[in-house]
Trainee: 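Provided herewith is a single structure, encoded as structure tokens, for subsequent inquiry.
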Amino acid sequence: MPETHHAKILIIGSGPAGYTAAIYTARADLKPLLVAGMQEGGQMTITSDVENFPGFEDPVQGPWLMEQMKKQAEKVGTEMIADTIVSIDLKSSPKKAVGDGGDVYLADAVIIATGAQAKWLGLASEEKFKGKGVSACATCDGFFYKGREVIVVGGGNSAVEEAIFLTNFATKVTVVHRRDSFRAEKIMQDRLFNNPKISVIWDSALEEVTGDQKGVTGAKVRNLKTGAVTELKADGVFVAIGHKPSTDLFKGQIDIDAEGYIVTKPDSTETNIPGVFAAGDVKDKKFRQAVTAAGMGCMAALEADKYIAAREHAHNNAHTQKQQQKPPRAG
């Protein structure tokens with residue numbers, strides 16, 4: 001039988017943003033309820049070595065880091081539920097969400113931390129070598145390719161930025177783009193074309209990632225005009241064709257930009273709906289790092305705490321005024 005759950009704060013999503021929001025709200029004695037979603041732990045669960053999260057001298061595994069965050073959130077009082085929200089009414093009071101199995105979640109405030117997913121090409125070989133040489137985050141994994149050769153797939157700002165960034169480590173960066181020109185900003189293109197470490201293969205698509213039991217060794221690239229297939233040597237392949245924020249659930253209720261990211265007020269996680277906050281990659285198209293997502297989770301928790309406190313203060317004042325306005329009993 002479906003259940004109805006009541007909470008002051010409902011957190012939707014379980015990556016670094018969601019877990020951090022849970023830790024902070026639980027420590028504020030708000031007894032948060034966190035609904036994990038389809039991919040518990042978020043994108044970090046498909047990240048192998050994490051070297052850039054503060055506090056660890058040696059690399060840690062992404063899934064392990066998320067498990068530790070989850071345990072910490074539980075220990076300080078977060079209720080974790082393995083469910084996926086399939087519908088939500090953010091404008092009702094209380095906010096009302098419905099899970100995949102029919103459970104109903106009622107809350108005074110909602111923190112959205114549903115994250116974003118990297119767009120992939122959909123190749124079987126790409127899936128096979130994810131975490132073993134195939135990546136969608138140069139700032140996360142670029143360091144591992146010091147002195148090596150890499151391929152970047154894409155032609156927008158993300159691809160150009162990642163190619164330039166990777167020249168800090170790699171000896172050679174080959175950009176594969178399916179058109180004959182980039183969509184990226186002109187200034188970024190100029191930097192790319194002026195970098196001697198970068199070469200571009202135009203009008204071409206990645207057909208297959210090649211490798212062995214140790215990881216990626218190269219790739220096959222097909223020219224879309226001639227059909228000719230070229231084999232490239234590479235130690236890593238970075239797919240940079242964009243990200244898709246997980247915001248379909250909230251469309252039509254909350255301000256979302258043209259790329260699908262939730263819009264929040266400047267220097268805030270507050271959305272256009274009072275009591276609804278957004279943190280992490282679901283609103284961040286610029287940094288997309290675990291540490292920045294965690295930071296935003298903290299911000300959302302503090303803002304949600306302030307919202308709940310103000311709401312309860314207003315309710316108590318209204319109750320006091322009502323009591324004072326009652327006529328005195330007849331003696």
Side-chain angles (χ1 to χ4, degrees), residues 1-45 66-115 246-250 253-254 262 264 269-271 273-283 293-313 315:
M1 285 286 292
E3 296 181 38
T4 298
H5 308 263
H6 297 264
K8 287 185 178 179
I9 294 183
L10 171 66
I11 300 167
I12 306 174
S14 57
Y19 285 145
T20 305
I23 291 165
Y24 272 79
T25 51
R27 293 187 74 252
D29 200 29
L30 293 172
K31 298 176 175 58
L33 181 64
L34 185 148
V35 177
M38 290 183 66
Q39 188 178 8
E40 187 174 355
Q43 293 184 79
M44 290 291 285
T45 58
M66 290 302 94
E67 184 64 25
Q68 294 302 301
M69 283 193 184
K70 178 184 178 182
K71 287 180 178 178
Q72 185 180 1
E74 285 179 317
K75 189 171 184 178
V76 292
T78 303
E79 182 182 354
M80 301 281 181
I81 295 185
D83 197 358
T84 301
I85 301 298
V86 293
S87 69
I88 193 164
D89 184 352
L90 294 173
K91 295 181 180 179
S92 64
S93 183
K95 322 294 184 194
K96 179 182 177 182
V98 180
D100 189 40
D103 279 16
V104 174
Y105 303 91
L106 302 175
D108 297 325
V110 173
I111 295 175
I112 299 170
T114 47
S246 303
T247 54
D248 289 348
L249 183 64
F250 313 106
Q253 298 190 66
I254 198 169
I262 293 176
T264 58
T269 63
E270 187 180 354
T271 69
I273 299 177
V276 179
F277 307 87
D281 288 8
V282 75
K283 64 145 284 182
M296 279 183 273
C298 166
M299 290 169 60
L302 296 175
E303 290 187 296
D305 184 17
K306 186 177 179 181
Y307 170 81
I308 294 291
R311 196 170 182 271
E312 290 180 347
H313 180 70
H315 175 76

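FYI, the numbering just counts along the sequence from 1. Small disclaimer: the values here were computed from a predicted structure and weren't measured.
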Trainee: Who are the side chain to side chain contact (heavy atoms under 4.5 Å, CB included) partners of Gln68, not counting sequence neighbours?
Mentor: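 Result, side chain to side chain contact (heavy atoms under 4.5 Å, CB included) vs Gln68: Trp64, Lys71.
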Trainee: Under the rule for side chain to side chain donor-acceptor pair (under 3.5 Å), what residues qualify as partners of Glu79, not counting sequence neighbours?
Mentor: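 Result, side chain to side chain donor-acceptor pair (under 3.5 Å) vs Glu79: none returned.
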Trainee: Have a look at Tyr105 and tell me which of Ile81, Val98, Thr4 forms a side chain to side chain contact (heavy atoms under 4.5 Å, CB included) with it.
Mentor: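 Per the side chain to side chain contact (heavy atoms under 4.5 Å, CB included) rule, the option paired with Tyr105 is Ile81, out of Ile81, Val98, Thr4.
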Trainee: So Thr84 and Val35, do their side chains get closer than 4.5 Å, heavy atoms only?
Mentor: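 No. Closest side-chain heavy atoms not under 4.5 Å.
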Trainee: Is there a side chain to side chain contact (heavy atoms under 4.5 Å, CB included) between Ile262 and Thr271 once you walk through the steps?
Mentor: CA-CA 8 Å; Ile262 293 176; Thr271 69; 3.9 Å; yes
Trainee: Can you name the residues that form a salt bridge (Lys or Arg N to Asp or Glu O under 4.0 Å) with Arg311, not counting sequence neighbours?
Mentor: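 Salt bridge (Lys or Arg N to Asp or Glu O under 4.0 Å) check on Arg311 returns Asp108.
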Trainee: Quick one: CG on Leu106 to OG on Ser92, what's the gap to the nearest 0.5 Å?
Mentor: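 Those atoms lie 8.0 Å apart.
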Trainee: So how far is it from Met296 CE to Thr264 OG1, rounded to the nearest 0.5 Å?
Mentor: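 Atom-to-atom, Met296:CE and Thr264:OG1 are 8.5 Å apart.
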Trainee: First locate atom OG of Ser14, then atom CE of Met80, and finally report the distance between them rounded to the nearest 0.5 Å.
Mentor: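 Result: 8.0 Å between the selected atoms.
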Trainee: State whether the side chain of Asp100 and the backbone N or O of Asp83 hold a donor-acceptor pair below 3.5 Å, judged by distance alone.
Mentor: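 No: the side chain of Asp100 does not pair with the backbone of Asp83.
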Trainee: Is there any side chain to side chain donor-acceptor pair (under 3.5 Å) pair reaching into residues 17-29, and which pairs are they, with sequence neighbours excluded?
Mentor: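 Passing the test, one end in residues 17-29: Asp29-Lys31.
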Trainee: Hey, mind stepping through Thr45 and Gln39 against side-chain hydrogen bond (donor to acceptor under 3.5 Å, both in side chains) and telling me if it holds?
Mentor: CA-CA 8 Å; Thr45 58; Gln39 188 178 8; 3.2 Å; yes
Trainee: Give, for atom CD1 of Ile85 and atom OG1 of Thr114, the distance between the pair rounded to the nearest 0.5 Å.
Mentor: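 With rounding to 0.5 Å, CD1 (Ile85) is 11.0 Å from OG1 (Thr114).
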Trainee: Which side chain to side chain donor-acceptor pair (under 3.5 Å) pairs, counting each pair once, include a residue from residues 295-306, with sequence neighbours left out?
Mentor: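 Those involving residues 295-306 are Ser268-Glu303, Thr269-Glu303.
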Trainee: Distance from Ile11 atom CD1 to Leu33 atom CG, nearest 0.5 Å?
Mentor: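 So the gap between those two atoms works out to 8.5 Å.
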Trainee: Could you work out, with side chain to side chain donor-acceptor pair (under 3.5 Å) as the rule, every residue matching Lys8, not counting sequence neighbours?
Mentor: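 Here the qualifying residues are Glu312.
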Trainee: Mind checking the CG-CD1 spacing from Leu90 to Ile273? Nearest 0.5 Å is all I need.
Mentor: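 Leu90 CG to Ile273 CD1: 5.0 Å, rounded to 0.5 Å.
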Trainee: Show your reasoning for whether side chain to side chain contact (heavy atoms under 4.5 Å, CB included) applies to Lys95 and Asp89.
Mentor: CA-CA 6 Å; Lys95 322 294 184 194; Asp89 184 352; over 6 Å; no
Trainee: For a side chain to side chain contact (heavy atoms under 4.5 Å, CB included) check, start with the C-alpha distance between Phe277 and Val110, then their side-chain angles and the critical distance, and finish with the verdict.
Mentor: CA-CA 6 Å; Phe277 307 87; Val110 173; over 6 Å; no
Trainee: Assess whether side chain to side chain contact (heavy atoms under 4.5 Å, CB included) is satisfied between Thr78 and Ile23, documenting all intermediate values.
Mentor: CA-CA 7 Å; Thr78 303; Ile23 291 165; 5.9 Å; no
